[in-house]
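The structure appears below as structure tokens.
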Amino acid sequence: MKTFLKVTTWAICSATVLNISAAAFNSPSVSATPKNGIYRKGWIDFNKNGRMDVYEDPSAPVEARVQDLLNQMTVEEKTCQMATLYGSGRVLKEAVPVEGWKLEIWKDGIGNIDEQHNGLGEFGSEYSFPYTKHVKTKHDLQRWFVEQTRLGIPVDFTNEGIRGLCHDRATYFPSQIGQGATWNKQLIARVGEAEAKEADALGYTNIYSPILDIVQDPRWGRAVETYGEDPYLVGQLGKQMIMSLQKQNLVSTVKHFAVYSIPVGGRDGKTRTDPHVAPREMRTLYLDPFRVAFTEAGALGVMSSYNDYDGEPITGSHKFLTGILRQEYGFKGYVVSDSEAVEFITTKHQVATDEVDGVAQAVNAGLNIRTHFTAPEDFIIPLRKAIAEGKVSQKTLDDRVADILRIKFWLGLFDNPFRGNGEQAEKVVHCQEHQDLSLEVARQSLVLLKNENQLLPLKKSYTKLAVIGPNADEREQLICRYGPANARVKTVYQGIRELLPDASVVYKKGCEIVDPHFPESEILPFEKTEEEKHMMEEALAAAREAEVVIMVLGGSELTVREDRSRTSLDLPGRQQELLEAVCATGKPVVLVMIDGRAASINYAEKYVPAILHAWFPGEFGGQAVAEALFGDYNPGGRLAVTFPKSVGQIPFAFPFKPGSDEASETSVYGALYPFGYGLSYTAFEYRDLVITPERQGTQGGITVSCKVKNVGSRVGDEVVQLYLRDEVSSVTTYVKVLRGFERITLKPGEEQTVHFRLTPQDLGLWNKDMNFVVEPGTFKVMIGSSSTDIRLTGGFTIHE
């Protein structure tokens, strides 16, 4: 039996709590029952005292259960709830519970266990697959905490989930930057639903997803893990993921809070400090997706970041973790730290005298659970010292632990600790429905960047094709540590061969993603090795024999992921040289980019007739790309990031302030491809813009609609984008801001009316006094196919 309790039930009157607690403690004493007898009809005797305590009563209000349990906990038990134990093969040495655990610090319980037997770590697939074995093993571990600890507090099982569930052979979806390129809210909701079903069947209760950071600097390695550069787009897509996960009674833990995604100079690694972001920009851009997550989607988890803001470490900041997060946004869940964020307070930021002081700063700021790839006692022991020395008060300790317990009650863990069903997991995880969805996401993530003289779609009558490039048949380096382990990847080469079984399709790698001297080769020339010469010669020979050449270039886990920031946006390694050499053969060339960030592919834009961007498209990317290249699918994705022409233009991301892209006689300017951009094999016509009302008060809403018609000869998707400009304001605002988008599918000749609703939140700004207000004045409405391809304009007035 599970109890599904809404967050709103947490707030109950204190008198009720006191009455229930008093009744419980005045009950007659009953001798302790054997551990195997704690499972009663309709309840579990977690503390083994033979009676139903309030926290064991499924019918009691959540807050009463929390307080009753807190009252029974020792300091040792409370502090253990505030730590993560990384799963087997990561930090936890044993695959299953052993007798020695009674001597470990978690004999008093643990807050959560991360990545338990998910296929990572030294045990590999031994306990992650088959799924029946995984669920049984997880139940055995949960049973140890329920039966062998004094109070039997269940564990919250956490796991990553930004490209699908981070579990052995789960469904592998495109990267978040590819999901962002779909501009499809309903599709992202379906991704969340699929991931939630797989996670629930496998016994996970808390998923570290989505990432709500915006990528305003494409050099940053984790650009691939974001939904894009615009806060509105990121917030709306993230909202769908959060709601889908939590509908399945899982916690969505969003990350990384806050101002994490703009490390100085775009450098990741051990930089991760000193974001150069002014307060108004921080609020408008970097915090807004999180505001949506908590105030609109109700996310119950959040990960605190390890950077500082204006010299104050976020994980030690009461302003961020309590003032903004809980008091402003009304966050009701618990905060986990990103790896080493607590330690960085002392070791990197050096604002604490020792680890005890650093731990105290984090806990006092609002941190609930420390998460890091080291033993939990590394945090728990300093925390106990901080409490003993009075650096953390008993009230603060109780408040932090209560937050954790509320989530565990919301999850239903005190009514059914053994979540997950092995037989169900065998049916659900990587089922055909989810595979079909992954393929559809890959399709919708494709962005057609160029199609000169309608070279695409290619004719299926070609008999000789060359597929060339380091990403053409790559699998291993396209699998992310934050997605499913042992994922099956269908490559572009494989997809084309399957689509054209009667054609001669020749594959040659041509070069590696990076050369032996990378990244020094980005600034100095080096002679090619004999192996490099041979690879390129083979590729050129294949190109000369082919009727058409499909180049598959870009990046991989070697160039773009966490700790993979770059100082250039050009094609890495020998790829540019390979591209130019193939183009010199005179054969028709199509470029397919598989990458996780914006790239300054200026040569390709000028000389390659057709370019298709596929991002990191997941396990069915090769099929999706092949379908798009040969006309079985009409690409309709849009860029979620701006492509600059040069790394020297950075910072260069949407939305833009006035004058931020002015012409210059001494430097390149303008975007290679603008935010929201993408082509189609068909054409769309916009008409009949309607804005109602044309005058409205500061607290009123505005409705906007227009008609869009497919005037081409193919079925296709159009992403209808609504932008606003505040014509005159008290502070400098952006040239235009995204405030609505809808992806629609239209048959040739079909027309559809698209509706948008603008709220005061969409119209407001942070004024001179840093108050969020809607200012009276005129607003320009712009609707179009990209941020620069505006088809319809109108306006409305806001009055006092």
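No hydrogens, no waters, no symmetry mates; every other heavy atom, side chains included, goes into these values.
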Could you report the tightest heavy-atom contact between [X] and [Y], atom names first, then the distance?
X      : Y      : result
Gln246 : Leu300 : OE1-N, 2.9 Å
Ala365 : Arg400 : C-NH2, 4.2 Å
Cys166 : Leu120 : SG-CD1, 3.8 Å
Lys255 : Tyr208 : CE-O, 3.8 Å
Ser88  : Glu94  : OG-O, 2.9 Å
Thr74  : Arg150 : CG2-NH2, 3.9 Å

So do [Y] and [X] actually touch side chain to side chain, heavy atoms under 4.5 Å?
X      : Y      : result
Thr226 : Val234 : no
Tyr86  : Ile113 : no
Arg574 : Glu532 : yes
Asn112 : Phe157 : no
Thr205 : Leu413 : yes
Met82  : Leu383 : yes
Ile387 : Val75  : yes
Ser305 : Phe257 : no

Exercise. List the steps, then state whether side-chain contact (heavy atoms from CB on, under 4.5 Å) holds for Thr253 with Val336.
Key: CA-CA 9 Å; Thr253 292; Val336 300; 4.2 Å; yes
Quiz prompt | Identified side-chain hydrogen bond (donor to acceptor under 3.5 Å, both in side chains) counterpart of His430 within the set Glu198, Glu619, Arg169 | solution = Glu619
Which value, rounded to the nearest 0.5 Å, describes the distance between [X] atom [atom1] and [Y] atom [atom2]?
X      : Y      : atom1 : atom2 : answer
Asn416 : Ile44  : CG    : CD1   : 7.0 Å
Leu69  : Asn47  : CG    : CG    : 9.0 Å
Thr158 : Leu250 : OG1   : CG    : 12.0 Å

Exercise. Answer with yes or no after comparing the ring centroid distance for Tyr172 and Phe620 against a 6.0 Å cut-off, counting only values under it.
Key: no
Pair [X]-[Y], side-chain donor/acceptor within less than 3.5 Å:
X      : Y      : result
Gln435 : Arg488 : no
Ser304 : Asp338 : no
Lys197 : Gln424 : no
Tyr127 : Gln116 : no
Thr84  : Asp114 : no

Spell out, as yes or no, whether a donor-acceptor pair under 3.5 Å connects the side chain of [X] to the backbone of [Y].
X      : Y      : value
Gln179 : Val441 : no
Thr149 : Lys107 : no
Gln361 : Val351 : yes
Asp354 : Asp357 : yes
His434 : Thr171 : no
Glu426 : Glu423 : no
Gln142 : Pro417 : yes
Gln176 : Glu225 : yes
Arg219 : Ser565 : no
Ser337 : Thr371 : yes

Exercise. Kindly indicate, with the supporting measurements, whether the criterion side chain to side chain donor-acceptor pair (under 3.5 Å) is fulfilled by Asp168 and Ser125.
Key: CA-CA 7 Å; Asp168 197 351; Ser125 298; 2.6 Å; yes
Quiz prompt | Salt bridge flag under 4.0 Å for residues Arg564 and Glu557 | solution = no
Quiz item: Below 4.0 angstrom, N of the basic side chain to O of the carboxylate: do Lys48 and Glu147 qualify?
Solution: no
Quiz item: Would Asp213 and His256 count as a side chain to side chain donor-acceptor pair (under 3.5 Å) if you check the C-alpha gap in whole Å, the side-chain angles of each, and the deciding distance to 0.1 Å?
Solution: CA-CA 6 Å; Asp213 305 303; His256 308 84; 2.8 Å; yes
Practice problem: List the steps, then state whether side-chain contact (heavy atoms from CB on, under 4.5 Å) holds for Lys102 with Gln148. | Solution: CA-CA 8 Å; Lys102 292 180 180 179; Gln148 300 299 324; 3.3 Å; yes
Exercise. Using side chain to side chain contact (heavy atoms under 4.5 Å, CB included) as the criterion, point out the one residue from Val146, Leu151, Ile38 that pairs with Phe46.
Key: Val146
Practice problem: For the pair Glu343 and Arg370, evaluate salt bridge (Lys or Arg N to Asp or Glu O under 4.0 Å) and give the outcome as yes or no after the intermediate values. | Solution: CA-CA 10 Å; Glu343 290 75 9; Arg370 174 266 200 181; 2.9 Å; yes
Quiz prompt | Test ring pair (Phe, Tyr, Trp, His ring centres under 6.0 Å) applied to His134 and Tyr204, step by step | solution = CA-CA 11 Å; His134 166 78; Tyr204 296 104; 5.7 Å; yes
Practice problem: Test salt bridge (Lys or Arg N to Asp or Glu O under 4.0 Å) on Arg566 and Glu522 and set out the steps. | Solution: CA-CA 10 Å; Arg566 291 188 62 200; Glu522 306 238 291; 2.6 Å; yes
Practice problem: Hey, can you tell me if His167 and Tyr131 have their rings parallel, tilted or perpendicular (30° and 60° cut-offs)? | Solution: tilted
Quiz prompt | Ring geometry between Phe145 and Trp101 (parallel below 30°, tilted from 30 to 60°, perpendicular above 60°) | solution = tilted
Practice problem: I would like to know whether Tyr334 and Asp156 meet side chain to side chain donor-acceptor pair (under 3.5 Å); could you show each step before the answer? | Solution: CA-CA 12 Å; Tyr334 73 72; Asp156 182 10; 2.6 Å; yes
Quiz item: Got a sec: does the CD of Glu476 have more than 12 other heavy atoms crowding it under 6.0 Å?
Solution: no
Quiz item: Is atom NZ of Lys509 surrounded by more than 12 heavy atoms (other residues, nucleotides or ligands) closer than 6.0 Å?
Solution: yes
Exercise. For salt bridge (Lys or Arg N to Asp or Glu O under 4.0 Å), just list the numbers for Asp200 and Arg419, CA-CA rounded to whole Å, side-chain angles, deciding distance to a tenth of an Å, and then say yes or no.
Key: CA-CA 7 Å; Asp200 185 52; Arg419 288 186 59 168; 2.6 Å; yes
Self-check item: Stepwise side-chain contact (heavy atoms from CB on, under 4.5 Å) check, Trp220 with Ser261
Solution: CA-CA 8 Å; Trp220 183 49; Ser261 59; 3.5 Å; yes
Exercise. Check the pair Arg384, Cys80 against side-chain contact (heavy atoms from CB on, under 4.5 Å), reporting the backbone distance first and the verdict last.
Key: CA-CA 10 Å; Arg384 290 174 181 173; Cys80 279; 3.5 Å; yes
